[in-house]
Amino acid sequence: QVQLVESGGGLVQAGGSLRLSCAASGRTFSGYALGWFRQAPGKEREFVGTVTWYSGFTYYAESVKGRFTISRDNTKNTVYLQMNNLKLEDTAVYYCATTPRVGVSKSDRDYPNWGQGTQVTVSS
């Protein structure tokens with residue numbers, strides 16, 4: 001019932017920053033956690049990070065640790081992905097998804113609800 005909509009993607013130069021948003025609509029967000037994934041051309045979908053809805057606990061993939069930060073605003077049913085020091089290899093379509101799993105998960109198979117994705121392109 002809950003629809004997820006990503007926004008904030010665009011073109012940015014290497015070393016720059018970008019903030020993505022994932023907003024839930026239709027109903028109050030009810031998933032245990034929200035995850036961010038990305039998919040580059042010719043590659044499978046890759047886990048980026050996740051945040052638990054109640055506590056705000058975050059977990060990140062090694063490739064983005066120290067550069068990306070996930071936060072959430074429960075009152076707005078919105079989760080953010082702040083991306084700093086962007087690299088060429090960060091170019092991908094970024095997706096948000098929710099999971100009812102109690103423990104943190106980096107497997108896309110545990111996330112049944114997905115947004116449509118937003119394109120992030122890092123140049124130079």
Side-chain angles (χ1 to χ4, degrees):
Q1 187 68 40
V2 176
Q3 183 179 0
L4 303 175
V5 180
E6 301 95 336
S7 62
L11 177 65
V12 62
Q13 291 186 351
S17 298
L18 205 61
R19 189 182 77 162
L20 306 183
S21 300
C22 177
S25 62
R27 284 188 179 181
T28 302
F29 184 78
S30 58
Y32 176 77
L34 186 141
W36 285 97
F37 295 80
R38 65 187 183 185
Q39 187 166 25
K43 295 191 175 182
E44 295 184 357
R45 194 136 53 189
E46 176 190 21
F47 173 78
V48 175
T50 187
V51 59
T52 60
W53 197 242
Y54 179 78
S55 66
F57 174 83
T58 54
Y59 178 83
Y60 302 94
E62 286 294 328
S63 59
V64 306
K65 196 174 297 182
R67 299 188 299 120
F68 291 10
T69 303
I70 300 174
S71 60
R72 88 272 189 265
D73 186 339
N74 294 30
T75 64
K76 297 181 179 180
N77 294 325
T78 301
V79 174
Y80 305 95
L81 177 64
Q82 178 67 46
M83 304 182 294
N84 299 324
N85 191 25
L86 283 162
K87 306 177 183 298
L88 293 177
E89 53 264 40
D90 294 320
T91 295
V93 177
Y94 283 72
Y95 301 89
C96 63
T98 60
T99 176
R101 194 177 187 271
V102 174
V104 296
S105 174
K106 59 182 181 180
S107 174
D108 58 1
R109 293 173 294 181
D110 290 328
Y111 294 78
N113 306 307
W114 293 80
Q116 83 291 340
T118 185
Q119 176 71 50
V120 173
T121 303
V122 184
S123 65
S124 296

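Note that the structure is a prediction, hence the values are computed from the model and not measured.
The cluster map of Ile, Leu, Val, Met, Phe, Trp and Tyr, joined by side-chain heavy atoms under 4.5 Å apart, puts Met83 and Tyr59 in different clusters. In the hydrophobic clustering of this structure, Val12 groups with Val64; members are Ile, Leu, Val, Met, Phe, Trp, Tyr whose side-chain heavy atoms approach within less than 4.5 Å, directly or through other members. Leu88 and Val48 fall within the same hydrophobic cluster, defined by Ile, Leu, Val, Met, Phe, Trp and Tyr side-chain heavy atoms under 4.5 Å apart, directly or through other members.
In this view, Phe37 and Phe47, Tyr111, Trp114 satisfy the ring pair (Phe, Tyr, Trp, His ring centres under 6.0 Å) rule, not counting sequence neighbours. The side chain to side chain contact (heavy atoms under 4.5 Å, CB included) check on Thr58 picks up Val51, Tyr60, Ile70, with sequence neighbours excluded. Here Lys65 pairs with Glu62 under the salt bridge (charged side-chain N to carboxylate O under 4.0 Å, His left out) rule; sequence neighbours left out. Considering only residues two or more places apart in sequence or on other chains, Ser123 meets the side chain to side chain contact (heavy atoms under 4.5 Å, CB included) condition with Leu11, Gln13. Applying the side chain to side chain donor-acceptor pair (under 3.5 Å) test to Glu44 and every residue at least two apart in sequence or in another chain returns nothing. With sequence neighbours left out, Asp110 forms a salt bridge (charged side-chain N to carboxylate O under 4.0 Å, His left out) with Arg101. Every side chain to side chain contact (heavy atoms under 4.5 Å, CB included) that Ser55 has, sequence neighbours left out, goes to Thr52, Phe57.
Sorted by first and then second residue, the disulfide (SG to SG under 2.5 Å) pairs involving residues 46-86 (not counting sequence neighbours) form an empty list. Counting only residues at least two apart or in different chains, disulfide (SG to SG under 2.5 Å) contacts with residues 50-95 are absent. Each salt bridge (Lys or Arg N to Asp or Glu O under 4.0 Å) pair with one or both residues in residues 75-96, not counting sequence neighbours, appears once here: Arg38-Asp90, Arg67-Asp90. Sorted pairs that involve residues 8-17 and meet salt bridge (Lys or Arg N to Asp or Glu O under 4.0 Å), not counting sequence neighbours, are lacking altogether. Sorted by first and then second residue, the disulfide (SG to SG under 2.5 Å) pairs involving residues 86-124 (not counting sequence neighbours) are Cys22-Cys96.
Counting all heavy atoms, side chain and backbone alike, Ser124 lies closest to Ala14 at C-CB, 4.3 Å. Across all their heavy atoms, Asp73 and Thr75 have their closest contact at OD1-OG1, 2.6 Å. For Tyr94 against Leu20, the heavy-atom pair with the smallest separation is CB-CD1, 3.6 Å. The two residues Gln39 and Arg45 come nearest to each other via the heavy atoms NE2-N, 3.9 Å.
Residues Leu18 and Gln82 are not in side-chain contact: their nearest non-hydrogen atoms beyond the backbone lie 4.5 Å or more apart. In this structure the side chain of Val79 reaches within 4.5 angstrom of the side chain of Trp36, judged on heavy atoms. Using a 4.5 Å heavy-atom cutoff, the side chains of Tyr80 and Thr69 are not in contact. The shortest side-chain heavy-atom distance between Leu86 and Phe68 falls under the 4.5 Å cut-off. Within the 4.5 Å cutoff, no side-chain heavy atoms of Thr78 are placed close to those of Arg72.
Judged purely by atom type and a 3.5 angstrom limit, Glu6 uses its side chain to pair as donor or acceptor with the backbone of Gln116. At least one donor-acceptor pair closer than 3.5 Å links the side chain of Thr50 to the backbone N or O of Leu34.
Inspection of the Thr98 and Asn113 side chains reveals an N or O donor paired with an N or O acceptor under 3.5 Å.
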Mind running side-chain contact (heavy atoms from CB on, under 4.5 Å) on Lys106 and Val104 for me, showing each step along the way?
-> CA-CA 7 Å; Lys106 59 182 181 180; Val104 296; over 6 Å; no
